[in-house]
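Just below is one structure, and these are the notes that go with it.
Reckoned from all heavy atoms, side chains included, excluding hydrogens, waters and symmetry mates.
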Amino acid sequence: LLAYRRYQHHLSKTGAKAGTKTADTSVDYLQLFDFNGEIKEVKVTAGPILFKSSEAIDDLRLSPNGKLAAFSQADKGRHKISIVTLSGVLKKDLVRNASKPEWSKDSRSIYFFREITPKDSASSTFIPVATICSLPVADANGRPIVSKVRRDLAQCAGDVFTGGRIHALEDGSLLFCSTPIKLPACGAMMGLQERALFRYRPASKESKASVEQINLDGPALAADLDSFEPNQDGTKIAVCSSKGAVRVISLNSEGN
């Protein structure tokens with residue numbers, strides 16, 4: 001399942017004058033492809049187009065059961081999340097002012113960032129704040145449903161709409177990066193704080209829901225935490241740096 005963009009070049013009915021630029025428009029597609037064969041001779045067969053839109057698709061996640069896809073789009077300066085069936089016969093808009101969808105392991109809910117304070121681009125020290133939410137989107141058979149029962153799980157800070165990612169682990173906990181903020185704080189210093197890694201643990205019979213910071217030893221990884229990937233059980237985390245290196249962090253039983 002691929003999301004890609006096609007650019008279309010338009011000419012006026014009388015043609016373009018020499019030295020003038022023609023107008024460009026773009027359309028984003030969600031489409032299935034089959035890749036068969038050896039690495040040196042891959043045969044690609046185009047499948048059905050599931051969805052197309054003039055609004056840019058900036059994030060795409062396939063459900064673990066392979067029946068639904070969740071994606072986010074820029075919508076008049078904000079974002080919205082939608083889901084589409086892999087048969088392409090049904091699309092549903094779920095929530096606005098939200099981005100970066102991540103599926104629960106049972107493929108019945110999604111997690112996402114919901115913006116609660118818009119980013120002020122005129123101020124380099126302003127830190128936007130978002131809430132991590134969960135929303136039921138499918139029934140036990142994988143069919144899409146419309147639900148307004150959104151749960152607010154935790155709050156985080158930083159520019160999570162362009163960077164950042166929520167990762168769901170097998171035990172139901174969530175990994176995410178955020179800018180740690182302690183109040184009271186000086187506004188001039190807030191924008192200089194480094195990102196940190198956090199884990200949200202849902203409530204259980206033994207304990208309440210909690211958010212804890214994961215302490216990282218060794219080289220500073222704060223600038224690269226927007227591109228981390230955990231393994232299935234959350235015991236190791238791979239971080240890709242801006243210089244092309246990949247570091248693997250092992251977590252102990254306490255989660256540090």
Side-chain angles (χ1 to χ4, degrees), residues 1-10 23-39 41-115 130 132-151 160-169 174 176 226-227 229-230 232:
L1 177 63
L2 299 181
Y4 65 94
R5 180 169 303 168
R6 281 182 178 170
Y7 290 94
Q8 300 175 343
H9 307 280
H10 295 280
D24 292 344
T25 59
S26 61
V27 177
D28 280 31
Y29 294 81
L30 288 182
Q31 187 172 3
L32 292 171
F33 292 87
D34 287 329
F35 293 85
N36 301 309
E38 301 296 331
I39 295 179
E41 298 180 358
V42 176
K43 297 179 181 180
V44 181
T45 303
I49 295 175
L50 306 183
F51 174 70
K52 63 181 180 179
S53 172
S54 59
E55 297 175 344
I57 298 172
D58 53 32
D59 206 83
L60 170 65
R61 286 295 188 190
L62 183 66
S63 63
N65 63 11
K67 294 183 178 181
L68 299 170
F71 59 95
S72 61
Q73 295 175 279
D75 181 27
K76 297 180 181 180
R78 296 298 182 91
H79 288 76
K80 66 178 180 180
I81 294 177
S82 307
I83 60 172
V84 63
T85 59
L86 263 65
S87 62
V89 298
L90 182 64
K91 170 187 170 291
K92 290 184 179 295
D93 294 334
L94 299 178
V95 61
R96 294 184 179 272
N97 298 338
S99 187
K100 303 295 182 180
E102 169 71 341
W103 287 92
S104 62
K105 294 304 179 181
D106 61 5
S107 299
R108 299 186 63 179
S109 301
I110 59 169
Y111 305 103
F112 55 90
F113 293 116
R114 183 176 68 89
E115 184 179 16
I132 295 177
C133 307
S134 68
L135 180 71
V137 297
D139 60 19
N141 296 318
R143 292 188 294 263
I145 61 174
V146 176
S147 173
K148 296 182 179 180
V149 188
R150 187 195 75 225
R151 293 183 58 211
V160 295
F161 278 63
T162 56
R165 162 65 59 193
I166 302 171
H167 292 281
L169 303 182
L174 305 175
F176 63 95
D226 287 341
S227 58
E229 291 284 341
Q232 292 298 315

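- Closest approach of Ser104 and Pro64 over heavy atoms only: O-CG, 3.6 Å.
- Atom CD1 of Ile110 and atom CD1 of Ile81 lie 5.0 Å apart (nearest 0.5 Å).
- For the atom pair CD1 (Ile132) and CZ (Phe112), the distance works out to 11.0 Å, reported to the nearest 0.5 Å.
- In this structure a side-chain-to-backbone donor-acceptor pair under 3.5 Å is present from Asp139 to Asn141.
- The structure places CD1 of Ile83 at 4.5 Å from CG of Leu94, a figure rounded to the nearest 0.5 Å.
- Of all heavy-atom pairs spanning Leu86 and Gly66, the tightest one is CD2-O, 3.3 Å.
- Here the closest heavy-atom approach between residue Lys91 and residue Ser82 is recorded as NZ-OG, 3.8 Å.
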So Val84 and Leu68, side-chain contact (heavy atoms from CB on, under 4.5 Å) or not? Walk me through it.
-> CA-CA 6 Å; Val84 63; Leu68 299 170; over 6 Å; no

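- One distance of note links OH of Tyr111 with NE2 of His167; it measures 14.0 Å at 0.5 Å rounding.
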Could you walk me through whether Val137 and Trp103 pass the side-chain contact (heavy atoms from CB on, under 4.5 Å) check?
-> CA-CA 10 Å; Val137 297; Trp103 287 92; 3.5 Å; yes

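- Taking CD1 of Ile166 as the start and SG of Cys133 as the end, the distance is 8.0 Å to the nearest 0.5 Å.
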Identify every side-chain donor-acceptor pair in residues 43-54 under 3.5 Å, counting partners at least two apart or on other chains, and give the distances.
residue	atom	partner	partner atom	Å
Ser53	OG	Glu55	N	3.0
Ser53	OG	Gln73	NE2	3.2

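- In this structure, NE2 on His79 lies 15.5 Å from CZ on Arg114, to the nearest 0.5 angstrom.
- Here salt bridge (charged side-chain N to carboxylate O under 4.0 Å, His left out) pairs that include residues 102-112, with residues two or more places apart or in two chains, are Arg61-Glu102.
- Checking each of Asp58, Asp59, Leu62, Leu30 against Phe71 for a side-chain contact (heavy atoms from CB on, under 4.5 Å) leaves exactly one that passes, namely Leu30.
- Side-chain atoms of Arg165 come within 3.5 Å of backbone N or O of Pro101 as a donor-acceptor pair.
- Under the 4.5 Å side-chain criterion, counting only non-hydrogen atoms from C-beta, Gln31 is not in contact with Leu2.
- Ser63 places no side-chain N or O within donor-acceptor distance of the main-chain N or O of Ser107, the cut-off being under 3.5 Å.
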